[in-house]
Participant: 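If you scroll down you'll find the structure; I have some questions about it.
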Amino acid sequence: MAVLLKNVAIVGASGTIGRIVLEALLGSSKFNVTVISREESEAVFPRGVKVLKIKFSGSSLETAFQGQDVVISTVGAAAFHEQKDFVDAAIRAGVQRFIPSEFSSNSQNDAVLQLLPLFGAKKELIEYLKSKESYGLTWTAVATSGLFDWGIRSGFLGFDIENLTATIWDGGDKNFTLTNEKQLGQSVISVLEHPQGTSNQYLYVASVETNQKEIVTALEKATGARWTLKDSTTEEQVKDGFAKLSAGDFSGALTLVRVTCFGNTPGLHANYCKEEKLANSLLGLTMESVTSTIKSIIG
């Protein structure tokens, strides 16, 4: 199928998710990519990438979006509330598709929102996009749950490779899904390559279906060492997350993001393979191996 959505603007490309999406777009060589950056930003992008530094105001955004087929938002939590302005500017500029900054836990799930009220802005944006469909702007949202390979390498998921330690919740046998960086990037490419089949949809993707026990086993095998495990519970983690947030420590929100994956809170639907309609087949993605992913990380 020919690429119909060829001219792509990406907002928030300097963040963790943004860099993954930008790398995928550049690696495909099928798209004309423009990075939209705040004029005060000091972020550095790959050589040769077109970068527009602008004020994030309605008129400046509209001008920046002119001639673009797609606007991809990968902004972080501090800018979730600004995305409605992106949508309005995209409509005025004649953009065909808007991809919002999802790429995480399911913002359409009430149990997730109880833990992460800041994701309420994401849910509101999806409703806003639905209300604008009659204006000719289509949308696609991609929920990935947590990032697997990045989360292991960075320690975000609670597995410390350097010190061979891990925090295991509630015995570690609850299954959930996670997505690898390359698969996240490919999911965006597939949306752009199949605009009709992905129009106005909230899509769930995954690379692995696993649990904490399986991850530890794979890590011990790859490192050739016995890991030290610290037991914890969902209740402890939730209490810690909200306590940090109450004290103004935003790392509490990161703890609660982990809860949406690992926690035994009822209704989280963290296993997209079993509890949601997985879009892997639609996007040409295949499930991957926990063992092979861990091996690629450990080297």
Side-chain angles (χ1 to χ4, degrees), residues 8-22 34-43 52-65 68 70-93 95 97-135 137-147 184 188 200-203 241-242 244-260:
V8 182
I10 177 171
V11 186
S14 63
T16 298
I17 300 298
R19 291 186 181 280
I20 294 170
V21 173
L22 180 60
T34 301
V35 169
I36 310 297
S37 180
R38 298 181 192 274
E39 62 180 5
E40 67 272 20
S41 173
E42 298 181 358
L52 294 181
K53 289 197 170 188
I54 66 169
K55 291 182 179 179
F56 274 30
S57 63
S59 58
S60 296
L61 287 166
E62 180 182 350
T63 299
F65 293 165
Q68 301 296 334
V70 185
V71 171
I72 302 173
S73 174
T74 58
V75 297
F80 285 166
H81 67 284
E82 294 184 80
Q83 292 187 98
K84 288 183 180 179
D85 293 334
F86 303 168
V87 171
D88 291 341
I91 290 171
R92 294 194 300 270
V95 172
R97 179 68 53 91
F98 189 90
I99 300 177
S101 185
E102 289 290 322
F103 308 112
S104 183
S105 306
N106 179 6
S107 71
Q108 308 305 291
N109 180 285
D110 289 340
V112 170
L113 294 180
Q114 288 287 328
L115 292 166
L116 290 167
L118 64 89
F119 275 25
K122 291 188 172 191
K123 182 175 182 178
E124 289 177 9
L125 184 68
I126 299 300
E127 294 304 314
Y128 192 66
L129 285 164
K130 291 177 180 178
S131 75
K132 297 298 182 181
E133 291 173 10
S134 61
Y135 289 77
L137 179 68
T138 61
W139 60 274
T140 309
V142 181
T144 59
S145 187
L147 283 178
L184 185 155
V188 174
N200 300 334
Q201 293 190 55
Y202 194 96
L203 304 177
F242 279 116
K244 287 179 178 176
L245 283 176
S246 296
D249 182 354
F250 188 74
S251 70
L254 305 182
T255 299
L256 296 172
V257 170
R258 287 189 288 273
V259 174
T260 66

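Start at 1 with the first residue, then count along the sequence. Heavy atoms only: backbone and side chains are in, while hydrogens, waters and symmetry mates are out.
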Participant: Determine the minimum heavy-atom distance between Glu62 and Ala89, stating which atoms define it.
Facilitator: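 Heavy atoms of Glu62 and Ala89 come nearest at N-CB, 3.7 Å.
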Participant: If you measure from CD1 on Ile54 to CD1 on Ile36, what distance do you get to the nearest 0.5 Å?
Facilitator: 5.5 Å
Participant: Verify the neighbour count for atom CD of Glu42: are there more than 12 heavy atoms of other residues, nucleotides or ligands below 6.0 Å?
Facilitator: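 Open: at most 12 neighbouring heavy atoms sit under 6.0 Å from CD of Glu42.
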Participant: Just how far is it from atom CG of Leu125 to atom CZ of Phe80, taken to the nearest 0.5 Å?
Facilitator: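 Rounded to the nearest 0.5 Å, the CG-CZ separation comes to 10.0 Å.
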Participant: Are the side chain of Ser60 and the backbone N or O of Phe56 linked by a donor-acceptor pair below 3.5 Å?
Facilitator: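 Judged by distance alone, no pair lies under 3.5 Å.
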Participant: Would you say CD of Glu133 has more than 12 non-hydrogen atoms from neighbouring residues, nucleotides or ligands within 6.0 angstrom?
Facilitator: yes
Participant: Could you walk me through whether Thr255 and Leu245 pass the side chain to side chain contact (heavy atoms under 4.5 Å, CB included) check?
Facilitator: CA-CA 10 Å; Thr255 299; Leu245 283 176; over 6 Å; no
Participant: Only one of Thr74, Val71, Val188 clears side-chain contact (heavy atoms from CB on, under 4.5 Å) with Ile10; which?
Facilitator: Thr74
Participant: Hey, is the main chain of Leu52 close enough, under 3.5 Å, to the side chain of Ser37 for a donor-acceptor pair?
Facilitator: no
Participant: Go through the steps for Phe103 and Thr16 under the test side chain to side chain contact (heavy atoms under 4.5 Å, CB included), then give the verdict.
Facilitator: CA-CA 11 Å; Phe103 308 112; Thr16 298; over 6 Å; no
Participant: With side chains defined as the heavy atoms from C-beta onward, is the minimum distance between Ile17 and Ser101 less than 4.5 Å?
Facilitator: no
Participant: Say you draw a straight line from CH2 of Trp139 to CD1 of Ile99; how long is it, rounded to the nearest 0.5 Å?
Facilitator: 11.5 Å
Participant: Considering residues at least two apart in sequence or located in another chain, which fulfil the side chain to side chain contact (heavy atoms under 4.5 Å, CB included) criterion with Ala143?
Facilitator: Tyr202, Tyr204, Tyr272
Participant: Considering non-hydrogen atoms only, spot the tightest contact between Ser59 and Arg92 and give its length.
Facilitator: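 Of all heavy-atom pairs spanning Ser59 and Arg92, the closest is N-NH2, 4.4 Å.
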Participant: Between atom CG of Asn106 and atom OG1 of Thr144, what is the distance when rounded to the nearest 0.5 Å?
Facilitator: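 Those atoms lie 10.5 Å apart.
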Participant: Please give me the minimum heavy-atom distance between Leu113 and Gly120, naming the atom from each residue.
Facilitator: CD2-N, 3.7 Å
Participant: As an exercise, state the distance from CD of Glu102 to CZ of Phe119, rounded to the nearest 0.5 Å.
Facilitator: 8.0 Å
Participant: Mind listing the closest non-hydrogen atom pair of Lys53 and Ser41 along with its distance?
Facilitator: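 Closest pair (atom of Lys53, atom of Ser41, distance): NZ-O, 2.6 Å.
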Participant: How many angstroms lie between atom CD1 of Ile72 and atom OG1 of Thr34, to the nearest 0.5 angstrom?
Facilitator: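 Those atoms lie 11.0 Å apart.
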Participant: Donor-acceptor pair, distance only, cut-off 3.5 Å: does the side chain of Lys123 make one with the backbone of Ser107?
Facilitator: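 Answer holds: no.
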Participant: Shortest non-hydrogen contact from Ser73 to Gln83?
Facilitator: OG-OE1, 2.8 Å
Participant: Any idea which heavy atoms bring Leu115 and Leu256 closest together, and the distance?
Facilitator: O-CD1, 3.2 Å
Participant: Any non-hydrogen side-chain atom of Glu82 less than 4.5 Å from a side-chain atom of Val75?
Facilitator: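 Of all side-chain heavy-atom pairs linking Val75 with Glu82, none is under 4.5 Å.
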